[in-house]
Amino acid sequence: MSTYPFRTLEEKWQNYWTKHQTFAAAQKSDLPKFYVLDMFPYPSGAGLHVGHPLGYIASDIYARYQRHKGFNVLHPQGYDSFGLPAEQYAIQTGQHPKKTTGENIARYREQLDKMGFSFDWSREVRTSDADYYRWTQWIFIQLFDSWYDLNQDKARPIDDLVALLHDGGTQHIAAACDEDTPELTARQWEAMLPDQQQAYLLHYRMTYLAESEVNWCPELGTVLANDEIINGVSERGGYPVVRKKMKQWSMRIAAYAQRLIDGLEAIDWPQPLKEAQRNWIGRSQGATVVFALQDHKEQIEVFTTRPDTIFGVSFLTLAPEHDLVSKIVTPEQKEAVADYVMATAQRSERERMADVKTISGVFTGAYAQHPLTNAPIPIWIGDYVLAGYGTGAVMAVPCGDQRDYDFAKHFGLPIPLIFADVSIEEQAYTLKDPCIIAESDFLNGLNYKMASQKAIEALEEKGKGSGKINYRLRDAVFSRQRYWGEPFPVYYKNGLPQMISVASLPLKLPEVEVYLPTQDGDPPLGRAGQWAWDETNQKVVEIERINNTDVFPLELNTMPGWAGSSWYFFRYVDPANDQEFASQQALNYWQQVDLYIGGSEHATGHLLYSRFWVKFLCDRGYVSIDEPFKKLINQGMILGESAFAHRDDSGTNFLSADLIKGVSTQPIHVDVAFVSSANELDVEAFRQWRSEYQSATFALGQDGTFKVTREVEKMSKSKFNVVNPDDICQQYGADTLRMYEMFLGPLEQAKPWSTAGITGVHGFLKKLWKLYHSGPEGGFELSLKPASPEALKTLHKTIKKVTEDIENFSFNTSVSTFMITVNELTAMKCSVKEILEPLLILLSPYAPHIAEELWQKIGHQSSIAHEPFPIFDPIFLKESSKAYPISFNGKMRFMLEMSLDLSPKEIEEIVLAHEKTQEQLQGRIPKKVIIVPGKIVNIVG
RNA sequence: GCAGAAGUGGUGGAAUUGGUAGACACGCUGGACUUAAAAUCCAGUGGACAGUAAUGUCCGUACGGGUUCAAGUCCCGUCUUCUGUACCA
């Protein structure tokens, strides 16, 4: 009896697919296209663990399914190969990141190949290849050469802006630009020197240099974007982050805030993910209100969502970092204010977030004027006001806002009540509805909506404010003080940034000796010898040649990780193109990504930035779509089951899990490789693992074994709970791994990895193999007899279920269906060709290797990959369909066993043929059979 | 605080638009094969009660109500868990 030879057959078919380019997508085809994409991985040194392939398996099943369905499927894979870990490793070891990255990619590829994915590897991209990043640089140049026109609500060429300035100055221009952009007349513009004009245009460009507060991470030696900070510490490494002013490249993503919200309507993404993006963009509707200062020319602008409460303002609060603080502070308060500003600046972001309950603040001594009543309003500073949101200043309405209320109580400031019939003894009244305004002049008796509208009208009339929509989304900082990233195609001439010519791209990353900042604090590129730009010859030259006429310094920062990943999906459609990032023809054919699978951790990073860049490229006419990913699925994380051995206070004695009750012990992570599925620890292996455990003693439990405890945690090298897919492939095969990962549970749910049930799935494949290897010596044996009605029924049940499951991405239940099918076929000893052929096509997305092998054994010459998917035919289920009585309440009702597309007559026949029906009818002849929509059949007797 | 998702056997999880709850798998129990173990195969497996038995009856989808001939599924309320996010004015 031959056993299922998964190792040899999987290797055989993987080689076959590579050799025959089975999964290469046709660049031109009459077939409809389908684009299935995985979020490409960062090739880390740790290799893949069993969690990574989950999404890849799901997308692979879908891609293979769509091929069977007659689509020209694009299913590529690549690597997001610029990034911090390779650079950190380079700093420690001196190895070039290019080398380690290359090695890691090779390892990833080896692992991926073992799992039988149907990737079209001829289209592989790597973001760190110069052939790729030259187009990242090219997009940067397009951003630099664009501005955002609010009138047309799209990005336009900068030349259009120059023409507008020439014609009429800034008068008719509405643009997303820096706040301090001066107004100009056409004459003033014309009078500017070229350099002055260039400096002025920087206020408008989609990517611009700005001295801005950034998140500086001293440990990593770089700035971070907001989405790279989690709970006040860096996402990578968990290092503290402080605020710092630096000159940085920024991306004007905030200009797209509204379109990024609106665009969510049209795409099929998970609700929670859309919600996360909406929250991140943070639209809020309200008004800006201008408060004039007593004794100063300057004004304070605040943003409020409650203009209706304008008469309840009793003080203003500024963020300690607010520009005006030092200007308006009175001599008496100067010291106290300076101390407070200093104290807040020294607190890290994290500390500030940690104690939100402590109320602190200082009076500046200055007063503003109420815009409508002219009453004096004291100005305070307090760290509950964030510099980065709105204008960094708030009008405090203590009766309507809890934070203002707490602040007022703490410092004994007045709390005027401006709502009718509510009590604010204990806390502020923060509801917008129901809410009737009182004590507010012309707003009395109005509700929130009406009062807000009237207040805004009054403010506009006086020139003291206007209605405004505010967004939380800030422009994204685009510079990183790192080595391993895309160099900016930028050099500096007279202190002004210039783009290198598109023709001389790529600007290749220079070599450096050490991957650390320079002594002067410049980024690592400051160490490169060859890093100056010869403008005349448009090429990189030695820095010694920098002069004032034609050789200039190049930008030392590099681009962030999200640069390369924001457009890679376009490169796959035409990966070798050296004239364009992709040809119009290819872009027009492949369009959007139809299905995108990846983790939800990219909700506010990659998935937002990609949408931004695509909208920009669309505005500028380079692509015709304005959303990159039509449908998106977040696969749930596969968690690890960590194992702990418990050590008592002696430090060398370990207690079995059943002995730790009531004893003071410390749990120690042990490698899950030493632990059996019954939680039994291989004590000897554990001793050998670390020298410190060599002399450890072990108190065994009642059954004479040493037991560990388990806990579900994220899979991570440091928790020793990583399970390697290679090991599973070696032991059970790729088909088992693929099916088992799907079997674990719903795709979108997080679930712990456990090998407990893997034998069940493996057993299914063995059964399938055995069903068709029942001949002498275990040879392949297949009957050419026609299939029995029962077998056809089983087959068509399977076709129906599996098709529906794939369409609904409910792969886990498909696996069960296959098991049932094979059990049933085994029970009826059915091994006929008529059943096997369609069954293999159904199975091939899930277990492609065994499907190919049996397909070939049937006698087919070519791959199963493009065979048409079987079609469900209800006829085969009808034969054995049954009806049964379900309820008797005046009417007789029957239930069909299965919902079928049957004619009323056919249903009647089935119902009347049923034994129990006959009993219930007791010989009476029914007048008619009523079919209620759905499955219920009424019989009127 | 806010937003989202979810509560079903010992476990992972099934159950199309309301229609025989617990598919399938793991685990467990018993049996066959074996000197023995592994592997493999067969049978049983939500709970309670009754019966020698086939079988029957009742209770069961977090909790309390409701709609319906019929509710895991729909509606109202309560509780719990998970995930994301937060001085956002």
Side-chain angles (χ1 to χ4, degrees), chain A residues 1 3 230-231 270-276 278-280 282-284 286-287 289 302-306 309 316-317 319 352-353 355-359 382-386 388-397 400-404 406-407 430 470-473 600-601 603-604 634 636-637 677-678 739-740 743-746 748-752 754-764 766-767 770 800-801 804-805 807-808 810 812-823 826 882 884-899 932-936 938:
Chain A
M1 181 63 76
T3 50
I230 312 281
N231 293 329
Q271 226 22 256
L273 203 144
K274 287 188 180 183
E275 208 52 43
R278 279 196 204 101
N279 289 339
W280 188 261
R283 178 194 152 108
S284 49
V289 183
V302 303
F303 174 75
T304 179
T305 53
R306 297 294 304 271
T309 63
L316 297 184
T317 314
R352 212 162 139 177
M353 281 162 77
D355 81 329
V356 294
K357 289 196 185 78
T358 320
I359 295 161
D383 68 358
Y384 80 96
V385 177
L386 304 175
Y389 183 75
T391 60
V394 301
M395 60 175 221
V397 183
D401 183 284
Q402 194 57 44
R403 292 153 306 170
D404 297 343
D406 294 340
F407 196 83
T430 56
N470 193 51
Y471 298 93
R472 197 188 84 117
L473 184 69
S600 57
E601 67 272 18
T604 54
N634 287 131
M637 203 187 313
S677 54
M739 292 196 93
Y740 184 60
F743 182 74
L744 274 176
E748 305 196 54
Q749 221 169 73
K751 55 231 158 197
S754 117
T755 27
I758 202 163
T759 52
V761 173
H762 189 62
F764 151 73
K766 279 203 261 190
K767 259 189 217 168
K770 267 175 62 178
K800 188 168 190 282
K801 189 74 170 73
E804 284 169 0
D805 284 345
E807 302 274 1
N808 297 323
S810 161
N812 54 328
T813 52
S814 277
V815 180
S816 301
T817 305
F818 284 121
M819 291 181 178
I820 297 167
T821 305
V822 166
N823 283 347
T826 304
K882 285 176 191 163
Y884 50 90
I886 54 166
S887 170
F888 302 93
N889 196 309
K891 286 175 187 167
M892 227 178 242
R893 290 151 198 268
F894 292 84
M895 181 70 183
L896 283 179
E897 190 189 38
M898 228 170 258
S899 68
V932 177
K935 301 184 203 169
I936 299 174
N938 289 336

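Just so it is clear: chains get the letters A, B, ... in the order the sequence lines come, proteins before strands, and each one is counted from 1.
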What is the distance from [atom1] of [X] to [atom2] of [N], rounded to the nearest Å?
X	N	atom1	atom2	result
A:Asn279	B:A86	CG	C1'	10 Å
A:Glu804	B:A15	CD	P	11 Å
A:Glu748	B:G4	CD	C1'	13 Å
A:Asp401	B:G1	CG	P	17 Å
A:Arg403	B:A86	CZ	C1'	10 Å
A:Trp280	B:C2	CH2	C1'	16 Å
A:Arg472	B:A3	CZ	P	16 Å
A:Lys801	B:A14	NZ	P	9 Å

Do the non-hydrogen side-chain atoms of [X] and [Y] ever get within less than 4.5 Å of each other?
X	Y	value
A:Val815	A:Tyr740	no
A:Thr826	A:Lys770	no
A:Asn823	A:Lys767	yes

Looking for any heavy atom pair under 4.0 Å, which part of the strands does [X] touch: base, sugar-phosphate only, or nothing?
X	answer
A:Pro746	sugar-phosphate
A:Gln402	nothing
A:Gln271	nothing

OP1, OP2 of B:U40 versus side-chain N and O of A:Lys766: anything below 4.0 Å?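 Indeed, a polar side-chain atom of A:Lys766 lies that close.
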Of the options B:U16, B:A89, B:C41, whose atoms approach the side-chain atoms of A:Lys800 most closely? B:U16
Counting side-chain heavy atoms from C-beta on, which of B:G4, B:A39, B:C88 comes nearest to A:Pro272? B:G4
With rounding to whole Å, what would you report as the distance between B:C24 and B:A15 at their C1' atoms? 12 Å
C1'-based separation of B:C88 from B:A14 [nearest Å]: 44 Å
Which residue lies more 5' along RNA chain B, comparing A:Gly745 with A:Val394 via nearest heavy atoms: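 First, find each residue's nearest nucleotide; the 5'-ward one identifies A:Gly745.
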So which one's nearest nucleotide on RNA chain B is more toward 5', A:Thr826 or A:Leu744?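 Result of the comparison: A:Leu744.
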Any salt bridge between A:Glu275 and A:Arg278, counting N to O under 4.0 Å? yes
When rounded to the nearest 0.5 angstrom, what distance separates CE in A:Met637 from OG in A:Ser600? 7.0 Å
Tell me the partner of [N], counting only Watson-Crick (N1-N3 plus N6-O4 or O6-N4) or G-U wobble (N1-O2 and O6-N3) with both under 3.5 Å; none if nothing fits.
N	answer
B:G22	none
B:C41	B:G31
B:C82	B:G4

Once the angle between the rings of A:Tyr389 and A:Phe303 is folded into 0 to 90°, is it parallel (under 30°), tilted (30 to 60°) or perpendicular (over 60°)?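 Ring orientation of A:Tyr389 relative to A:Phe303: perpendicular.
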How should the glycosidic conformation of B:G9 be described, syn or anti, under the criterion that syn lies within 90° of 0?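 B:G9: syn.
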Taking every non-hydrogen atom, the tightest pair across A:Val385 and A:Ala319: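 Closest approach of A:Val385 to A:Ala319: O-CB, 3.4 Å.
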Between protein and nucleotides 21-30 of chain B, map the contacts as a letter string: B base, S sugar-phosphate only, - none, heavy atoms under 4.0 Å, written 5' to 3'. --BBSS----
